[in-house]
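Just so it is clear, the values below take in all heavy atoms, side chains as well, and ignore hydrogens, waters and symmetry mates. Worth saying up front: this structure is predicted, and the values here are computed from it rather than measured.
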Number of protein chains: 2
Amino acid sequence: MLRISKLSDYAIVLLCEIAKAERGEGTTARQLAATTQIALPTVVKLLKMLKEDGVLLSMQGRNGGYRLARRPSETNLAVIIEAVEGPIALTECMSEELDCQIHSKCNTRPHWVHINAAFRQALSVVTLNDLTTGTMPVPVTLGGVRVAAL
Amino acid sequence: MLRISKLSDYAIVLLCEIAKAERGEGTTARQLAATTQIALPTVVKLLKMLKEDGVLLSMQGRNGGYRLARRPSETNLAVIIEAVEGPIALTECMSEELDCQIHSKCNTRPHWVHINAAFRQALSVVTLNDLTTGTMPVPVTLGGVRVAAL
DNA sequence: TTAAACAGTACTGAATTGGTCCCATTTTAC
DNA sequence: GTAAAATGGGACCAATTCAGTACTGTTTAA
C-alpha cells in the first residue's frame, strides 16, 4: 500500500502542536494528549521516539515536559518520519546487510538509490514552520522540466 | 518502515524477464517461475495483477502466455507498483473518502499532494528499458538546485 | 514526602502482506 | 473429441508488521 504509518502522521500533528505551544515554554505529554485527542500512551511513546532521535528535548521532574530541539524551520518531515519509522529505505537493499547475490552488477539498484534520494528530498524541504504557517510547497523540476505543480 | 512491497519487487523482476524474452514472442508463467526462482503461484498472482492493470497482455490456451502491453521504454515503475499495490497515496487523505474533519482548511494536505507527486514522478521516469539496458538515472533538481546526484 | 513528569521495556490484539490452493475456461495438438 | 497446457478468478491461511497498552523505575520540585 506504501503509506506513511499512522504513528508518523500522529507525530507530525504532535510536533505542530508543540511548535505552537513553544512560547508557553514547552508542553507535557498529558497536555498534548488532551489537545490532539490522541491516546496518552501513544503520545508518550511517540515523544520518546522523537526525543531518542534528537527532534525533541525533554525535561524530567515536576515541571518537566518537551520542547523542540531545533527551530520549527529546521525541523522537517524527513527527520520526523525517520524518527518514527527508521531510515527511509524504499527497498530492502537500501538498508540491510544484503544477501543479494548481485550487489555490484545490479541494474536496478542505482535507480532505487536515486528514487530514494528524490523522495527523501521531497520530504526534507517541508518544515514544521511550513505546516504551522500554511506556506505552500516549492515546485519540483526533474531534468529541467517542472513536474509537480500545485 | 515505508517499503515497496516484496510483491512489487518481484513484479519488476518478472517484467524485466518478460522484456528480455520479448523476441521469443512472449513467455509463460511456468517459464518465468523457472528462470526467476519465484514460486509459481506467486508468479501467477502477479501476472494476473499486471494484466488487470493493462501492463501485460495475455493469451489463453495451449500456446498462451504473456507479453508486454507497451514497449519497455513506455512501461515505468510507477505503473508497475500501482498495479501491485494500488494507487500511490502516501497518506490516507490522498486516496479515501475522508472523514477528515478539516478537508479544506488543512495546512498539511497541500504538502502531501506535492510530496506524493514528486515521488510518483521519480518512479515514473524509470522504465523497463532503463532497467534491462543499465541506463543511469536522470538528475533531479528541486527549486533549481540539484538534489539527487549519484 | 508526595505528586507529576519523563524513561524504558515488554506485551497483546489487529491489520496487512506473502504465499498457496482449487476449480473454471480457453485453446491447441494429437 | 479428448487431453494437456495455459490463463481466469476466487478463497484461504500463515507470518509479519503495526498500533496500542501496561507496568515499573527515575527525576524533580512543591
Response to the item:
Against the side chain of A:M1, the closest entry in C:dT17, C:dT20, D:dT17 is C:dT17

Practice prompt. Could you check whether B:K51 gets within reach of a base, just the sugar-phosphate, or nothing at all, counting any heavy atom under 4.0 Å?
Written response: sugar-phosphate

Practice prompt. Respond yes when some side-chain nitrogen or oxygen of A:S58 is under 4.0 Å from OP1 or OP2 of C:dA5, and no when none is.
Written response: no

Item to complete: In plain terms, say whether A:E92 and B:K6 are close enough for a salt bridge, that is, a side-chain N and a carboxylate O under 4.0 Å apart.
Response: no

Worksheet item: Starting at the 5' end of DNA chain D, which residue's closest nucleotide do you reach first, B:K45 or A:K45?
Response: B:K45

Worksheet item: Between D:dA6 and B:N63, is there an OP1 or OP2 to side-chain N/O distance shorter than 4.0 Å?
Response: no

Item to complete: Write down the distance between CZ (B:R67) and C1' (D:dA6), rounded to a whole number of angstrom.
Response: 16 Å

Worksheet item: Which nucleotide in the list D:dG8, C:dG19, C:dT9 gets nearest to the side chain of A:K48?
Response: C:dT9

Discussion item. Nearest whole Å is fine: how far is D:dG9 P from B:D53 CG?
Written reply: 13 Å

Fill in: Nearest-nucleotide pick for A:K6, side chain only, options being D:dG20, D:dG8, D:dA29
D:dG20

Worksheet, complete the sentence: Of the listed D:dT21, C:dC6, C:dG19, the closest approach to the A:A39 side chain comes from D:dT21

Worksheet item: Taking only N and O in the side chain of A:T28, is any of them less than 4.0 Å away from OP1 or OP2 of C:dA4?
Response: no

Worksheet entry | Nucleotide D:dG8, atom C1' - distance to CE of B:M59 in whole Å | 14 Å

Discussion item. Just checking B:E74: does its CD atom have more than 12 heavy atoms from other residues, nucleotides or ligands closer to it than 6.0 angstrom?
Written reply: yes

Practice prompt. Look at the side-chain N and O atoms of B:Y10 and state whether any lies under 4.0 Å from the OP1 or OP2 oxygen of C:dG19.
Written response: yes

Worksheet entry | Residue B:Y66, side-chain heavy atoms: nucleotide from C:dT16, D:dT7, C:dT20 that is nearest | D:dT7

Response to the item:
Taking for A:S5 and for B:A29 the nucleotide of DNA chain D with the nearest heavy atom, the one nearer the 5' end belongs to B:A29

Worksheet item: Can you find an N or O donor on one side and an acceptor on the other, under 3.5 Å apart, linking the side chain of B:Q60 with the base of C:dT26?
Response: no

Discussion item. Show, in sequence, the C-alpha distance, side-chain angles and deciding distance for B:K51 and B:K48, and conclude whether the side-chain contact (heavy atoms from CB on, under 4.5 Å) test is met.
Written reply: CA-CA 5 Å; B:K51 191 237 167 176; B:K48 281 174 193 167; 5.8 Å; no

Worksheet item: Nearest to the side chain of B:R62 - D:dG8, C:dT28, C:dA5?
Response: C:dT28

Worksheet item: Does the side-chain hydrogen bond (donor to acceptor under 3.5 Å, both in side chains) test come out yes or no for A:T36 and A:E17, once each step is laid out?
Response: CA-CA 8 Å; A:T36 62; A:E17 210 55 43; over 6 Å; no

